[in-house]
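The sequence lines fix the lettering, A, B, ..., with proteins before strands; numbering per chain opens at 1.
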Protein chains: 2
Amino acid sequence: MQDKITKLFKAIADPTRRDIFHALVIASSTLSISQISNQFEMTRQGITKHIKTLEEAGLVSLESKGRERFCNVHTQPLQEVNKWLKFYEQFWGDSMQDLGNYLDSKNS
Amino acid sequence: MQDKITKLFKAIADPTRRDIFHALVIASSTLSISQISNQFEMTRQGITKHIKTLEEAGLVSLESKGRERFCNVHTQPLQEVNKWLKFYEQFWGDSMQDLGNYLDSKNS
DNA sequence: AAAATACGCAACCAAAAAGTTGCTTATTCG
DNA sequence: CGAATAAGCAACTTTTTGGTTGCGTATTTT
């Protein structure tokens, strides 16, 4: 389909998914599908779809317990986004000047 | 339409747009629409569309000179993404343990 | 002035994404 | 056991996205 990093970027590009992800991170325990969807206007099935794309991005994993499914959240994949950002970080401030610095350091 | 940060996330979620953005950042001078689209398989009009969404995310701005339009690139908006990431950075490593630390620091 | 270049804009198209409804299955509770 | 709960799956609709073609216009170039 598409590469890992794009899946990751797309997963967090949706506001609902960012909200779900955030809810999972700050929750004091793992949450079930229903527990999550109760926090949103959307139908459970809609939430399930979002969770699936979060899962495919590696940001959550699912664990069945009885009739319920609990979501484990994983923040580690975000390090890839951070890595991507890192490169451009050197250009914050005045782009052109910093670009000069970057090129100089490459040539030395 | 949608909030600023979502526009930004969506802008960088597309691989072609990330490529355009990257090309602009590492270019030694500003590039025109044609100069950019020559580097891609896609039609000029397709590229123009992508540039427009980059523009709406604040990542580029356009400047007309004669019959050409040059793209100025801006990395600063990415700081917003970095800010978003920062919060989750404390959970990298072992999520649950770090979450404990986070909650503890809130209560002290 | 004619030809070529750089571009915008609108219409269109296909595929993907976002979200819904309806139905089935499995588990738990009384 | 029967009712209620948790959830999966498939089909379907709507909207968004990614990309194209076609055409008009302004600016250069020759």
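- Across the protein-nucleic acid pair, B:K49 atom NZ and C:dA10 atom P stand 12 Å apart, rounded to whole Å.
- Across B:A11 and B:R17, no two heavy atoms sit closer than the pair O-NE, 2.8 Å.
- Shown here is A:E41, whose CD atom has no more than 12 heavy atoms of other residues, nucleotides or ligands within 6.0 Å.
- Side-chain nitrogen and oxygen atoms of A:T43 include at least one within less than 4.0 Å of the OP1 or OP2 phosphate oxygen of C:dT20.
- One distance of note links CD of B:E63 with OG of B:S32; it measures 12.5 Å at 0.5 Å rounding.
- Rounded to whole angstrom, the span from the CD1 atom of A:I51 across to the P atom of D:dA6 amounts to 14 Å.
- Remark: P of D:dT21 and CD1 of B:I47 are 14 Å apart, rounded to the nearest angstrom.
- Following rounding to the nearest Å, A:M42 (CE) and C:dA17 (C1') show an atom-to-atom distance of 12 Å.
- Computed from coordinates, the B:F40 CZ to D:dG18 C1' distance equals 14 Å when rounded to whole Å.
- Comparing A:G66 and A:Q2 along DNA chain C, the residue whose closest nucleotide (by nearest heavy atom) sits nearer the 5' end is A:Q2.
- For the pair A:L62 and A:C71, the tightest heavy-atom approach, listed with the atom from each and the gap, is CD2-SG, 3.4 Å.
- A salt bridge links B:E89 to B:K86: one of the charged nitrogens lies within less than 4.0 Å of a carboxylate oxygen.
- Phosphate proximity of D:dT17 to B:H50: absent, as no side-chain N or O sits under 4.0 Å from OP1 or OP2.
- Between the CG atom of B:D14 and the C1' atom of D:dT17 there is a distance of 9 Å, given to the nearest Å.
- Contact annotation: B:K10 reaches the phosphate of D:dT17 (side-chain N/O to OP1 or OP2, under 4.0 Å).
- A side-chain contact (heavy atoms from CB on, under 4.5 Å) with B:I12 holds for exactly one of B:V81, B:T53, B:L54; it is B:V81.
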Provide a list of protein-nucleic acid N or O atom pairs under 3.5 angstrom, restricted to nucleotides 7-10 of chain D.
| unit_1 | atom_1 | unit_2 | atom_2 | d |
| --- | --- | --- | --- | --- |
| D:dA7 | OP1 | A:I33 | N | 3.3 |
| D:dA7 | OP1 | A:R69 | N | 2.9 |
| D:dA7 | OP1 | A:R69 | O | 3.4 |
| D:dA7 | OP2 | A:S34 | N | 2.6 |
| D:dA7 | OP2 | A:S34 | OG | 2.2 |
| D:dA7 | N7 | A:R44 | NH2 | 2.9 |
| D:dG8 | OP1 | A:R69 | NE | 3.1 |
| D:dG8 | OP1 | A:R69 | NH1 | 2.1 |
| D:dG8 | N7 | A:R44 | NH1 | 3.0 |
| D:dG8 | O6 | A:R44 | NH2 | 3.0 |

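- Going from atom CD of B:E41 over to atom P of D:dG19 covers 12 Å, rounded to whole Å.
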Worksheet item: When you look at B:T16 and B:D19, which way does the side chain to side chain donor-acceptor pair (under 3.5 Å) test go after all the steps?
Response: CA-CA 5 Å; B:T16 308; B:D19 287 347; 5.7 Å; no

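- Note: NZ (B:K7) to C1' (D:dT16) measures 15 Å, nearest angstrom.
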